[in-house]
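Here is the structure we will look at.
Hydrogens, waters and symmetry mates play no part in the numbers below; they use all other heavy atoms, side chains included. Atoms within a ligand are numbered from 1 in the order they appear, just like the ligands themselves. This chain uses plain numbering: 1 for the first residue, then up along the sequence.
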Amino acid sequence: MSRSAHPAGPRHADVLTEGHYSAPAADLNVLDEKVWSRTVTRDADGALTVGGIGVARLAEEFGTPAYFLDESDFRARCRAWSEAFGPDADVFYAGKAFLCRAVVRWLQEEGLHLDVCSGGELTTALDAGMPAERIAFHGNNKTVAEIERAVEAGVGRIVLDSFQEIVRVAHIARSHGVRQRVQIRVTVGVEAHTHEFIATAHEDQKFGIALADGQAAEAVRRALALDSLELIGIHSHIGSQIFDMAGFEVSARRVVQLLAEVRDEHGVELPEIDLGGGLGIAYTSDDDPREPHEIAKALSDIVTRECESAGLRTPRISVEPGRAIVGPTAFTLYEVGTIKPLEGLRTYVSVDGGMSDNIRTALYDAEYSVALVSRTSDAEPMLVRVVGKHCESGDIVVKDAFLPADLAPGDLIAVPATGAYCRSMASNYNHALRPPVVAVRDGGARVIVRRETEEDLLRLDVG
Ligand SMILES: *Cc1c(COP(=O)(O)O)cnc(C)c1O
């Protein structure tokens, strides 16, 4: 499929010497399908369309900045994950990546389960009709009130994160007269980010209970001793934006070792393991994510092999992709405001949003790509930094990228792969109004989260 209205060969920029920026590998008019959602293309005039609707119309109707979410892509990714894992596994969408009631309904229609990690996420899920038994409740410091609501609602599982929480959940379940299904989150001494992982014996972080020093085995002992808890399995989540399956391999092996120890000590084979989320997506053309069926095969092969060698029945597997489902399905549309060429450095392109709608670049040096989307251009590429309008020099959306040198105020530019952890981490810094999320599908567009208004800000400011 050609996504360019003006296909042309690669061009080269005069790349500046600070840092090491490679010249753009491809025609800037070509939208790399790896980083854009599935229905994105350019129309005959060169403007980007999603779900059959052009960005000029979207900007006019919904304003900028705004997130446009490709609903059919979202649904296709849900189906790809659940088909890849099949009937003997469960796919939990990690709601923290992006959650609203429309998304909850799509998840239900596509047969997924849902992870929540706060009372607010739980309320959103229940309000949109997600059956409680399909919800897992996570978090390292769930409040008593949150645990009570989760138990009352009848959530399918609570993932226990500390020794204190084992007792807390048991007590609340007993006082409600229920036997709560729980998993224990363990830290397996694996930390994975993108292309590397580190396997260590110790974990210096706030989540989970360490396998090291027999801590996790002790947690299992305590949970099994409490009648109001039904321990259904062990949970491990090793990181984020992971491409290398080797980290999952070490994690699965260590979790299966624990299952074998539990069998030897208690005569119980725990029926489930959850390997968490963290699967990577393409933010730039340099990223090569795996397809869900490859991930499913790799994970189930690892677990099957480890269980065979430990003489265990293969447990039911669950996974928790957040970013890998919603991340690629949305882009943020901005209008270019001021353009500041800094001689010998780069050109600063300011947009009408910034760190309030995408904190990831400032927070952890995330990489993004960007494209001019209201038109194509035959101008030479120029090295740019896309920055926001906030009072903070770290307010960077895209650190290094190329845009056409004839970029002008009023042009629309878009940053792809902003579906995960952008709207959900958005803030009101500088009293910015958080942008809307607009679902686009088959020639129709509808707001699923509306833009904040100044009245919204003043409503909380009670004087
Ligand atoms: C954040 C998180 C996920 C989802 O991570 P992604 O990188 O979005 O796939 C899954 N499980 C747990 C426990 C998490 O904390």
Side-chain angles (χ1 to χ4, degrees), residues 74 77-78 80-82 84-85 89-99 103 107 112-118 120-122 125 134-142 150 155-162 165 182-188 190-195 197 203 205-209 233-245 247-248 251-252 255 272-283 287 289-292 295-296 298-299 317-330 358-360 363-364 366-367 417-425:
F74 184 97
R77 285 173 196 278
C78 290
W81 277 87
S82 62
F85 279 86
D90 299 306
V91 179
F92 284 74
Y93 170 74
K96 69 179 197 249
F98 172 63
L99 196 68
V103 160
L107 294 170
L112 267 65
H113 299 240
L114 175 62
D115 272 0
V116 299
C117 58
S118 70
E121 290 181 1
L122 179 62
R134 297 180 78 84
I135 298 175
F137 191 29
H138 282 270
N140 66 300
N141 188 22
K142 307 168 191 79
V155 299
R157 62 174 72 155
I158 295 178
V159 182
L160 302 173
D161 201 271
S162 67
E165 201 171 75
V182 295
Q183 290 188 337
I184 292 173
R185 175 161 175 178
V186 301
T187 48
V188 293
V190 170
E191 202 185 309
H193 297 286
T194 311
H195 298 289
F197 81 97
E203 286 277 10
Q205 57 136 316
K206 71 173 185 171
F207 291 110
I209 300 175
I234 301 297
H235 179 285
S236 159
H237 171 76
I238 56 172
S240 60
Q241 186 60 0
I242 306 167
F243 295 110
D244 181 353
M245 298 303 285
F248 286 102
S251 160
V255 168
E272 296 189 19
I273 74 172
D274 189 314
L275 293 172
L279 287 315
I281 64 166
Y283 284 104
D287 297 324
R290 302 214 185 176
E291 293 297 320
I295 295 162
L299 292 182
I317 298 175
S318 47
V319 287
E320 306 175 317
R323 184 193 320 270
I325 290 179
V326 72
T329 69
N358 188 347
I359 190 66
R360 295 190 63 259
L363 191 58
Y364 23 65
E367 289 189 4
T418 58
Y421 305 107
C422 286
R423 182 57 181 79
S424 66
M425 286 186 165

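Of all atoms in ligand 1, numbered sequentially from 1 with element shown, those under 4.0 Å from a heavy atom of His235 are 13 (C). Contact atoms of ligand 1 toward Gly277: 9 (O), 10 (C), 11 (N) (distance under 4.0 Å to a heavy atom of the residue). Numbered from 1 in the order shown, with element, the atoms of ligand 1 that lie under 4.0 Å from a heavy atom of Gly322 read 6 (P), 8 (O), 9 (O). Residue contact check: Pro321 has heavy atoms under 4.0 Å from atoms 9 (O) of ligand 1.
For the atom pair Ile359 CD1 and Cys422 SG, the distance stands at 10.0 Å (nearest 0.5 Å). Of the inter-residue distances, the one linking His113 atom NE2 with Ser82 atom OG reads 9.0 Å to the nearest 0.5 angstrom.
Using a 30° and 60° split on the angle between ring planes, His237 and His235 fall in the tilted class, from 30° to 60°.
Between Glu121 and Lys96, no side-chain nitrogen of the basic residue sits less than 4.0 Å from a carboxylate oxygen of the acidic one, so the salt-bridge criterion is not met.
Closest to atom 10 (C) of ligand 1 among all protein heavy atoms lies Glu320 O, 3.2 Å. With respect to atom 8 (O) of ligand 1, the closest heavy atom belonging to the protein is Tyr421 OH, 2.6 Å. In this structure, the protein non-hydrogen atom closest to atom 9 (O) of ligand 1 is Gly278 N, 2.8 Å.
Between atom 14 (C) of ligand 1 and the options His138, Arg323, Arg185, Lys96, the minimum heavy-atom separation is to Lys96.
Contact analysis leaves Ala420 out of contact with ligand 1, as no non-hydrogen atom separation drops below 4.0 angstrom.
Applying the salt bridge (Lys or Arg N to Asp or Glu O under 4.0 Å) rule to Arg157 yields the partners Glu272, Asp274; only residues at least two apart in sequence or on another chain are considered. Under the rule for a salt bridge (Lys or Arg N to Asp or Glu O under 4.0 Å), the partners of Asp90 that lie at least two apart in sequence or sit in another chain are Arg316.
The part of Ala94 lying near ligand 1 is the side chain, judged by heavy-atom distances below 4.0 Å.
At least one side-chain heavy atom of Ile209 sits less than 4.5 Å from a side-chain heavy atom of Ile184.
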